[in-house]
> 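Structure below; questions to follow.
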Amino acid sequence: MIIRNILPTAAISAIAVPASTTVAEAAAIDLTDPVSALNPHFSQFLDRTDEDGDVEPSVERSATRSSSNGGELTIDPALEVIPEISQGTTGLTLHGQSHGYTVLSNENEDRADFVRADEAGASVLHIASSASAAADITLEFPEGIDEAKSQESFSRSSARVFLDNGDGLTLREPIVRDSDGAYLNASYELEGNNVRVIVPDSDLSDASYPLVAASGLEYIMDFKIGDTGPYAAREKMHKDGQFNDIFPVAGAPENFPEKGDLLPLRVPFEGLGLNFECIMGDEASFGSDGEYLWGYNFLATENHIDGEGSSIRFEIANYDIDSVQQNDLYVHGVVVNDNPGNIPNAIYKAEAHRKWQEFADNLADLSR
């Protein structure tokens, strides 16, 4: 994936920025000590703080998982089943590493991007000290976008991009805030093989700078499930005694679990039963019968191999392409433990994919 002039994402470390300026007074962003201070209006972007509110960055995350090679930044998400993400750096040069983030800036230093690998994708924070620096916010996907499938997602406001190589990415909702603390309107727009982050010109002209924008993306594991749509899958998995016949993980209950239920899940690995103990999370559906999305999530306990705070979400989606109904299983994972069970990367990745492919096959069998 190439991200140009990106308005990037989530949780970020502190950055020293100049005092609030107008558009005409656009100033360079101070990159000499990028984590020394953060405008208090931007504190929402911090995700790791100690009891005193100071940043506790994961220094190794960027240094070991993000690297610059020519005009691209390669990001290796922590979750072992997620492939690397290539992020272009059009118009930006590498400034260095700081507190777990890769820092890039343009020649005028009126725009700076902080990039890091997350558990299942990437987060970026974009800082702009002028309207012109913030106006062209484009995510470029050189692999090519499956436009029909992606457009269907966008029409449902889910902002998912499906690439021609089969990969899928969920785009996090963009959050944009100026130096006075005002929130700016922002949305995504699909445009060929690009996704644009749109901030109205009126918002940019009225904003106080520097402006901060946060967004990001998460990789989706995508499996075909034949003619079984979300409505049918929900009905069958909710039938008494059917859940563990369809969901292929040892320890799963016979009946669909209630929110808060303890699930003593175990996955066999080289003769051992690895602990995947979870708590049942939320169940949710969107749309109407036969053409909607239904899903649920599990929350890892302290006994789970991936670490407490990890989670996994399963979604079954139905969409229409050229008047042909399509059904997919999407699997999203967030992993706290960077090295679950000390299992080699390739083996962990293969086992996870095999298990969810088995789940997808079971779902497909429901309509045969």
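Predicted model only: the values in this text are computed from it and were never measured.
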> Indicate whether any N or O donor in one side chain lies under 3.5 Å from an N or O acceptor in the other, for D110 and S129.
no

> Please report the closest heavy-atom contact between A360 and I225, naming both atoms and the distance.
O-CG2, 3.6 Å

> Of the non-hydrogen atoms in K239 and N255, which two are nearest, and what is the gap between them?
O-OD1, 4.4 Å

> What residue among V267, L263, N244 forms side chain to side chain contact (heavy atoms under 4.5 Å, CB included) with V249?
V267

> Please confirm whether the backbone N or O of G226 pairs with a side-chain atom of N327, one donor and one acceptor, at under 3.5 Å?
yes

> Looking at every heavy atom in both L366 and A233, which two are closest together, and how far apart are they?
CD1-CA, 4.5 Å

> Of all the heavy-atom pairs spanning Y330 and I220, show the shortest one and how long it is.
CB-CG2, 3.5 Å

> Where do L204 and A135 come nearest, in terms of heavy atoms and distance?
CD1-CA, 3.9 Å

> Under 4.5 Å between any side-chain heavy atoms of D178 and L184, yes or no?
yes

> Could you walk me through whether L163 and I145 satisfy the side-chain contact (heavy atoms from CB on, under 4.5 Å) test, starting with their C-alpha distance in whole Å, then the side-chain angles of each, then the deciding distance to 0.1 Å, before giving a yes or no?
CA-CA 4 Å; L163 306 181; I145 288 178; 4.2 Å; yes

> Less than 4.0 Å between a side-chain N and a carboxylate O, is that true for R234 and E283?
yes

> Kindly indicate, with the supporting measurements, whether the criterion side-chain hydrogen bond (donor to acceptor under 3.5 Å, both in side chains) is fulfilled by N318 and Q326.
CA-CA 6 Å; N318 168 273; Q326 307 284 334; over 6 Å; no

> Does any non-hydrogen side-chain atom of T170 lie less than 4.5 Å from one of R160?
yes

> Mind checking the OG-CG spacing from S130 to N108? Nearest 0.5 Å is all I need.
8.5 Å

> Mind checking whether V212 and V176 have side chains closer than 4.5 Å, heavy atoms only?
no

> Could you tell me which non-hydrogen atom of I198 sits nearest to which non-hydrogen atom of E189, and how far apart they are?
CG1-CB, 3.9 Å

> Please report the interatomic distance CD(E315) to OG(S285), rounded to the nearest 0.5 Å.
11.5 Å

> Side chains of L171 and V195, heavy atoms from C-beta outward: is any pair under 4.5 Å?
yes

> Hey, any chance L274 and W356 share a hydrophobic cluster, counting ILVMFWY side chains that come within less than 4.5 Å of each other, even indirectly?
yes

> With sequence neighbours left out, write down each residue that passes ring pair (Phe, Tyr, Trp, His ring centres under 6.0 Å) with F298, or none if nothing qualifies.
F247, Y296, F314

> Using distance alone, with no hydrogens and no angle criterion, decide if Q357 and D361 have a side-chain donor and acceptor under 3.5 Å apart.
yes

> Between K236 and Q242, is there a donor-acceptor pair closer than 3.5 Å when you use the side chain of the first and the backbone of the second?
no

> For L363, which of M237, K224, E358 qualifies under side chain to side chain contact (heavy atoms under 4.5 Å, CB included)?
M237

> Working to the nearest 0.5 Å, report the span between CG of L299 and SG of C278.
7.5 Å

> Checking the side chain of D206 only, and the main-chain atoms of D203 only, is there a donor and an acceptor separated by less than 3.5 Å?
no

> Side-chain contact, heavy-atom cut-off 4.5 Å: P210 with S179?
yes

> With a 4.5 Å limit on heavy-atom distance, are the side chains of L265 and E277 in contact?
no

> Hey, could you give me the OG/CG distance between S150 and D164, rounded to the nearest 0.5 Å?
8.5 Å

> In the structure I gave you, are the side-chain heavy atoms of T301 and L262 within less than 4.5 Å of one another anywhere?
yes

> Ignoring hydrogens and geometry beyond distance, is a side-chain donor-acceptor pair present between T228 and S367 at under 3.5 Å?
yes

> Just by distance, do the side chain of N362 and the backbone of I246 share a donor-acceptor pair under 3.5 Å?
yes

> Would you check if I316 and L293 make a side-chain contact, meaning some heavy-atom pair closer than 4.5 Å?
no

> Would V331 end up clustered with I279 when hydrophobic side chains under 4.5 Å apart are linked, directly or stepwise?
no

> State whether the side chain of N297 and the backbone N or O of R313 hold a donor-acceptor pair below 3.5 Å, judged by distance alone.
no

> Could you state the interatomic distance from CG (N275) to CG (N303), rounded to the nearest 0.5 Å?
5.5 Å

> Can any side-chain N or O of S208 pair as donor or acceptor with the backbone N or O of D180 at less than 3.5 Å?
no

